[in-house]
Amino acid sequence: MSDKRVSIGPKRNPQSEAAILDAATELLAEAGIAGLSMEAVARKARAGKATLYRWWPSRGALLLAVYQRQKRADPHADTGTLEGDVTAFLRTLLAHWSRPEGQVFRHILAAAQGDADVAEALATYRAARAGALRPMFERAAARGELAPGAPLAEMTSALIALAWYCLLTDDLDTDPGRLARVLVGGWTAPGTG
């Protein structure tokens with residue numbers, strides 16, 4: 001009996017997608033990002049390169065798909081305060097990056113410095129993450145925690161930058177509550193902090 005997967009048309013075949021992501025994960029573990037190519041993944045997953053490129057237009061997009069698959073669900077908690085929300089976000093993210101599978105993102109950030117495909121995929125991912133974080137700041141504004149006209153997009157970027165800084169400097173055991181207090185302290189409206 002053949003172990004070849006059957007096409008289900010234009011939709012992604014979950015079995016093929018899992019095989020491709022498994023293959024990419026194994027190659028990352030064996031050879032690191034430098035050893036991960038679309039050709040090697042296709043060969044290891046017994047999938048066509050055209051399928052990989054149709055689902056992930058670049059190696060960078062595939063790398064980020066592997067990272068997102070390994071990441072545990074990270075709903076952005078509504079704790080009732082911006083400081084609490086930022087603390088919960090940082091606690092979850094820093095804990096993930098402290099685990100072996102979380103280290104993939106550090107390698108993605110490094111690879112993005114010299115690989116245009118990875119840099120482009122990372123920029124797309126960052127924009128999506130900023131969009132997912134924005135409601136946290138919108139809730140704070142609606143509660144009156146932020147000064148009128150607070151720059152929500154820049155605040156979201158600052159939170160992402162702080163998290164990435166902790167990863168890049170290997171400061172993952174820092175106190176998320178302390179980081180949140182420092183970051184949010186400059187944003188909150190007088191009398192709300």
Side-chain angles (χ1 to χ4, degrees), residues 21 25 28-29 32-33 60-193:
L21 293 174
T25 301
L28 278 171
I33 285 183
L62 179 59
L63 279 167
L64 281 155
V66 169
Y67 170 69
Q68 289 177 287
R69 181 186 194 215
Q70 294 173 340
K71 208 172 166 192
R72 295 194 170 102
D74 62 337
H76 304 299
D78 183 354
T79 65
T81 68
L82 180 57
E83 184 178 318
D85 292 355
V86 170
T87 299
F89 167 75
L90 289 171
R91 181 174 290 120
T92 300
L93 187 58
L94 297 180
H96 172 69
W97 285 341
S98 295
R99 293 187 293 274
E101 65 272 16
Q103 294 299 304
V104 169
F105 197 66
R106 180 190 313 255
H107 299 299
I108 291 169
L109 290 176
Q113 304 311 301
D115 184 321
D117 285 341
V118 177
E120 182 179 336
L122 182 60
T124 301
Y125 175 77
R126 187 193 57 72
R129 296 300 297 144
L133 285 170
R134 189 174 172 105
M136 179 188 312
F137 295 98
E138 291 170 346
R139 289 192 306 261
R143 288 189 296 256
E145 286 183 83
L146 301 175
L152 303 186
E154 288 79 2
M155 294 164 70
T156 302
S157 293
L159 177 55
I160 292 170
L162 175 64
W164 289 12
Y165 176 80
C166 288
L167 176 63
L168 292 172
T169 60
D170 202 26
D171 195 13
L172 298 175
D173 59 353
T174 192
D175 176 9
R178 182 184 59 78
L179 289 177
R181 273 188 302 282
V182 170
L183 191 62
V184 171
W187 295 337
T188 52
T192 62

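No hydrogens, no waters, no symmetry mates; every other heavy atom, side chains included, goes into these values.
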>> I'd like to know if the side chain of Arg143 and the backbone of Gly80 have a donor-acceptor N/O pair within less than 3.5 Å.
In response: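 Judged by distance alone, yes, a pair lies under 3.5 Å.
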> For the side chain of Gln103 and the backbone of Ser98, is there at least one donor-acceptor N/O pair under 3.5 Å apart?
Replying inline: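 No: the side chain of Gln103 does not pair with the backbone of Ser98.
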>> Is there a side-chain contact (heavy atoms from CB on, under 4.5 Å) between Leu28 and Leu63? Walk through the geometry before answering.
In response: CA-CA 9 Å; Leu28 278 171; Leu63 279 167; 3.7 Å; yes
>> One pair to check against side-chain contact (heavy atoms from CB on, under 4.5 Å): Val86 and Thr81. What are the steps and the verdict?
In response: CA-CA 9 Å; Val86 170; Thr81 68; over 6 Å; no
Heavy-atom pair of closest approach, residues [X] and [Y]:
X      : Y      : value
Ala77  : Ala88  : CB-CB, 4.1 Å
Leu172 : Trp97  : CD1-O, 3.5 Å
Ala112 : Leu122 : CB-CD2, 3.7 Å
Leu82  : Glu145 : N-OE1, 2.9 Å
Leu90  : Pro176 : CB-CB, 3.9 Å
Val118 : Ile108 : CG1-O, 3.6 Å

Taking atom [atom1] of [X] and atom [atom2] of [Y], what is their separation to the nearest 0.5 Å?
X      : Y      : atom1 : atom2 : answer
Leu167 : Phe105 : CG    : CZ    : 7.5 Å
Asp173 : Leu94  : CG    : CG    : 9.0 Å
Leu146 : Glu138 : CG    : CD    : 10.5 Å

> Could you walk me through whether His76 and Asp85 pass the side-chain contact (heavy atoms from CB on, under 4.5 Å) check?
Replying inline: CA-CA 7 Å; His76 304 299; Asp85 292 355; over 6 Å; no
If you define the side chain from C-beta out and look only at heavy atoms, does anything of [X] sit under 4.5 Å from [Y]?
X      : Y      : result
Thr79  : Thr87  : no
Thr25  : Arg69  : yes
Trp164 : Arg126 : yes

> So, Arg178 and Asp171, do they make that salt bridge, N to O below 4.0 Å?
Replying inline: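 Looking at Asp171 together with Arg178, the answer is no, because their closest N to O distance does not fall below 4.0 Å.
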> Among pairs that include at least one residue of residues 102-119, which meet salt bridge (Lys or Arg N to Asp or Glu O under 4.0 Å), considering only residues two or more places apart or in two chains?
Replying inline: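 Non-adjacent pairs meeting salt bridge (Lys or Arg N to Asp or Glu O under 4.0 Å): Arg59-Asp115, Arg106-Asp170.
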> Could you walk me through whether Tyr67 and His107 pass the ring-ring contact (aromatic ring centres under 6.0 Å, His included) check?
Replying inline: CA-CA 10 Å; Tyr67 170 69; His107 299 299; over 10 Å; no
>> Please evaluate residues Cys166 and Leu93 with respect to the criterion side-chain contact (heavy atoms from CB on, under 4.5 Å), reporting the C-alpha separation (whole Å), side-chain torsions for both, the decisive distance (0.1 Å), and the verdict.
In response: CA-CA 10 Å; Cys166 288; Leu93 187 58; over 6 Å; no
Identify each donor-acceptor pair in which a side-chain atom of residues 147-158 lies under 3.5 Å from a protein atom, sequence neighbours left out, and give them as a table.
residue, atom, partner, partner atom, Å
Thr156, OG1, Leu152, O, 2.9
Ser157, OG, Ala153, O, 3.3

